[in-house]
Amino acid sequence: MTIRSEKEIGTELSALANVRNIGIIAHIDAGKTTVTERILFYTGTIYKMGEVHEGTTTMDWMDQERERGITITAASITCNWGDKHINIIDTPGHVDFTAEVERSLRVLDGGVVVFDGVSGVEAQSETVWRQADRYHVPRICFINKMDRVGANFEHTIAMIEERLHAKPLPIQLPLGAEENFEGVLDVINSRAIRFDGEPGSPPIEGEIPENEKARCVEAHKYLVERTAELDDELMNRYLEGHDITDAELKQALRRVTLANKGVPIICGTALRNRGIQTLLDAVGDFLPSPLDMPPVQAIDTKTGLKVARPVNDDAPFAALAFKVVSDPFVGRLVYFRVYSGKVKEGETIFNATSGKKERLGRLLLMRANRREEMAEAGAGSIAATLGLKATFTGDTLCSQEEPILLESIRFPEPVISVAIEPKTKADQDKMGEALHKLAEEDPTFRVTYNKETGQTVISGMGELHLDVFVRRMQTEFRVEAKVGPPRVAYRETITKTVRAEGRFIRQSGGHGQYGHCWLEIEPREPGAGFLFTEKLKGNAIPRNFVAPIESGVKEAMEGGVMAGYPLVDIGVTLVDGSYHEVDSSEMAFKIAGSMALKEGVAKAKPVLLEPIMKLEVVSPEQYLGDIISDLSSRRAQIGSVEARGEMSTIHATVPLAETFGYSTSLRSATQGRATYSMEFFRYQELPANLAQEIVEKTGATKRA
């Protein structure tokens, strides 16, 4: 191993301290892609700004994104601002593509959350905020569209505090309102910053206008007090009566942000080129470098003990693969984040998740859909590589000598399915290959083959999600296919605790088969999942047969007894059984476990569960009656109705089965003036009469 000098290590750490791995996250239409496009322009990465409505943005490079005017896949790009090296991932806002946000936040160090200054905190804003909370991602907030009629900075901050349970720390105030919005008041440095809106024009700093001075003084006092509440060091200075300098306040704000105790708030309007330079300054000032993050925790696969990997090029190599893309020009691309160590092109690495060795092909620095070759990827970097054939999303890549497992990425289960079949014989083979590649890209997109009906079924997070993948199959893979009507991904569970016996005995000359077990099966809390335990007394069953019983139980849970849907939220305890010294085998006990579960579930009052969606509808007040009436006919539960100016927001929960075609109904009922967003909420018991219909329908399909 090469021993490096302190000077070399110091230079490396200094460079790492200026790296920012950030994500731009928000509700759909809050302006994420426009913000990112302006960032790229002002950092000199691009020389002409594209627009979402024209389909010319750098980050929305897919044909589907340009056609629909929405972000579908998280695109990464690198830019420089002063001495800061910023890796940016622009994420989708639509809930159907939540997997893109989930995996991006898993590997990023910081986030910029964009809010619409008119709408404030919207449904998907809450979802992405919770995702960022789950991965402890420090973030700053950019309140966008301050030039629009109805934009309200104070109201949006109040919503951030109330809905997201965050502690907003406004470090800017808007200068002017709506069409007169011209810049911001810098609360920390007590300066006015104006933007003329011309692309490339620098911000103009000056004195705070006389009529704004009192407001700025009050905001500065509030910022100091609120930050002191969250930072002990500043609190001590404050209580001792010291004057807090601007530099001290800035340092305290950084500490508070990195500790996820508070969130700096800034504002602007990306479309009018106002506030982007100050946003970039805030990214450098308040968001973390890889060195600010705690060493990544992992499991040593040799010992099973927890280990930490420091952000250091000299440490053993450890990285997480967070995205797989089938690129039509270069082939299979795997994106990964390096947490420790470094790796070079052509090196052999170890996939600790699959237990296989892999050889790295070319290393690439991604700039949306453009690529740049790189010689090596060091700690804290985000890169892509070619040549990894057995690596998938969430896999750990590491050195062969010191294998570890990093925490993988959790993805929600698909909630909607459709049957798909090729239009011609020629499309048959191509369809299988296309679906395989698309399923590799998105873990929330599933492909299954139903042996009973002979159908290929694709499942995803919503109608738009599946529609996009079908269109991609047509345009990228040249496969024409017919798609059936959407089907809901129901689940089954039980409502009563039972005891069940599984006995599998076969005798046929020579060795027979003998497996016998008793299971106690009980319902668990909604969302608690499956739990298997054993409470065997004495030597009723040898320990080596416990795992096969669990395996049989899990296999049986894939198809319930009512309508064949997967079983969820069940606790199974192995309590007793018997074995035969000669005839018992793992296969016999696996079958016995499966038989016991099916028999028990049939006696445990099984019920069907349906996915319930959280729905938010924003509409002019005059249409409220029609919208609520329509929702009631769809078995929706109205939670609350908030009035804000001429618009009202309806919060409701509604069964997924009742939402198909809702966009068309809403458009016709409101003359196209209402919008809605929807996300998965939970599974809930289906009313008995509807459950009976589904059971009968499933039975008829099987008989057919």
Side-chain angles (χ1 to χ4, degrees), residues 20 84 110-113 115 117 120-121 129 133 136-143 146 152-177 181 183-194 203 205-268 275 277-289 292:
R20 299 290 182 271
K84 299 294 185 288
V112 176
V113 188
F115 294 96
V121 176
W129 195 272
D133 279 342
H136 310 291
V137 176
R139 66 217 83 144
I140 59 177
C141 297
F142 180 70
I143 300 178
M146 291 304 299
N152 190 322
F153 184 73
E154 287 75 17
H155 181 71
T156 302
I157 288 177
M159 291 177 81
I160 290 170
E161 191 159 21
E162 181 186 333
R163 283 206 193 177
L164 306 179
H165 309 294
K167 291 187 169 58
L169 301 166
I171 61 173
Q172 291 178 0
L173 297 175
L175 181 57
F181 175 76
V184 297
L185 301 174
D186 182 343
V187 175
I188 298 174
N189 301 304
S190 301
R191 302 285 287 169
I193 304 173
R194 291 178 170 83
E205 286 197 34
E207 294 292 323
I208 290 176
E210 203 63 39
N211 62 334
E212 295 283 11
K213 280 186 176 175
R215 185 164 76 116
C216 202
V217 167
E218 189 62 35
H220 187 275
K221 182 185 173 189
Y222 174 83
L223 182 62
V224 171
E225 290 175 354
R226 195 80 190 265
T227 308
E229 288 174 13
L230 304 169
D231 183 74
D232 292 340
E233 198 174 318
L234 192 70
M235 175 63 86
N236 292 335
R237 297 275 297 161
Y238 184 73
L239 292 176
E240 288 167 6
H242 295 287
D243 286 334
I244 307 297
T245 66
D246 296 347
E248 286 174 331
L249 178 56
K250 212 177 213 180
Q251 287 165 4
L253 276 164
R254 180 172 175 78
R255 289 193 296 270
V256 166
T257 307
L258 297 188
N260 269 313
K261 292 179 180 176
V263 188
I265 310 284
I266 57 179
C267 62
Q277 296 99 320
T278 50
L279 168 60
L280 283 162
D281 290 338
V283 166
D285 290 340
F286 303 115
L287 290 181
S289 75
D292 293 313

Side-chain contact, heavy-atom cut-off 4.5 Å: Phe153 with Val184? no
Between Phe286 and Thr257, what is the shortest heavy-atom contact and its length? O-CG2, 3.7 Å
Residues two or more places apart in sequence or in another chain: which of them pass side chain to side chain donor-acceptor pair (under 3.5 Å) with Asp281? Trp81
Given side chains that start at C-beta, do those of Ile266 and Ile143 come closer than 4.5 Å, heavy atoms only? no
I need the minimum non-hydrogen distance between Tyr222 and Pro170, along with the two atoms involved. CE2-CD, 4.1 Å
Arg254: salt bridge (charged side-chain N to carboxylate O under 4.0 Å, His left out) partners, not counting sequence neighbours: Asp292
Pairing residues for Glu205 by the side chain to side chain donor-acceptor pair (under 3.5 Å) criterion, not counting sequence neighbours: none
Listed partners of Arg139 passing salt bridge (charged side-chain N to carboxylate O under 4.0 Å, His left out), at least two apart: Asp133
Find the distance between CG (Leu253) and NZ (Lys261) and round it off to the nearest 0.5 Å. 13.0 Å
Are Met235 and Leu239 close enough that some pair of their side-chain heavy atoms sits under 4.5 Å apart? yes
Shortest non-hydrogen pair, Met146 vs Cys267, comes out as CG-CB, 3.9 Å
Report the residues that fulfil side-chain contact (heavy atoms from CB on, under 4.5 Å) with Arg237, sequence neighbours left out, ordered by chain and then residue number. His242, Ile244, Glu248
Go through the structure and list residues passing side-chain contact (heavy atoms from CB on, under 4.5 Å) with Glu225, not counting sequence neighbours. Lys221, Tyr238
Solution key, residues 187-194 side-chain donor-acceptor pairs under 3.5 Å, sequence neighbours excluded:
| from | atom 1 | to | atom 2 | distance (Å) |
| --- | --- | --- | --- | --- |
| Asn189 | ND2 | Asp186 | OD2 | 2.8 |
| Arg191 | NH1 | Glu207 | OE2 | 3.2 |
| Arg194 | NE | Glu182 | OE1 | 3.2 |

Who are the side chain to side chain donor-acceptor pair (under 3.5 Å) partners of Glu161, not counting sequence neighbours? Arg226
Show your reasoning for whether side-chain contact (heavy atoms from CB on, under 4.5 Å) applies to Gln172 and Leu185. CA-CA 5 Å; Gln172 291 178 0; Leu185 301 174; over 6 Å; no
More than 12 non-hydrogen atoms from neighbouring residues, nucleotides or ligands closer than 6.0 Å to CG on Asn211, yes or no? yes
Using every non-hydrogen atom in the two residues, find where Pro209 and Leu175 come nearest and quote the distance to one decimal. CG-CD1, 4.1 Å
How would you list, by chain and number, every residue that makes a salt bridge (charged side-chain N to carboxylate O under 4.0 Å, His left out) with Lys213, sequence neighbours excluded? Glu210
Without swapping roles, check the side chain of Thr227 against the backbone of Val224 for a donor-acceptor pair under 3.5 Å. no
Measuring from Leu249:CG to Asp231:CG, what's the distance to the nearest 0.5 Å? 10.0 Å
Going through the checks in order, is the side-chain contact (heavy atoms from CB on, under 4.5 Å) test met by Leu258 and Leu287? CA-CA 7 Å; Leu258 297 188; Leu287 290 181; 5.9 Å; no
Under a 4.5 Å cut-off applied to non-hydrogen side-chain atoms, are Lys84 and Val283 in contact? no
Mind checking what makes side-chain contact (heavy atoms from CB on, under 4.5 Å) contact with Asn152, not counting sequence neighbours? Glu154, His155, Arg644
Nearest heavy-atom contact between Val256 and Gly262 is CG1-N, 3.3 Å
Exercise answer: donor-acceptor pairs, residues 162-169 side-chain atoms, under 3.5 Å, sequence neighbours excluded:
| from | atom 1 | to | atom 2 | distance (Å) |
| --- | --- | --- | --- | --- |
| Arg163 | NH1 | Val121 | O | 2.9 |
| Arg163 | NH1 | Glu126 | OE2 | 3.4 |
| Arg163 | NH2 | Glu642 | OE1 | 3.2 |
| Arg163 | NH2 | Glu642 | OE2 | 3.4 |
| Arg163 | NH2 | His651 | NE2 | 3.2 |

Please name the pair of heavy atoms, one in Leu173 and one in Cys216, separated by the smallest distance, quoted to 0.1 Å. CD1-CA, 4.4 Å
All salt bridge (charged side-chain N to carboxylate O under 4.0 Å, His left out) counterparts of Lys250, not counting sequence neighbours: Asp285
Close side-chain approach of Ile265 and Ile160, heavy atoms under 4.5 Å: yes
Here the gap from Phe115 atom CZ to Ile157 atom CD1, rounded to the nearest 0.5 Å, amounts to 10.5 Å
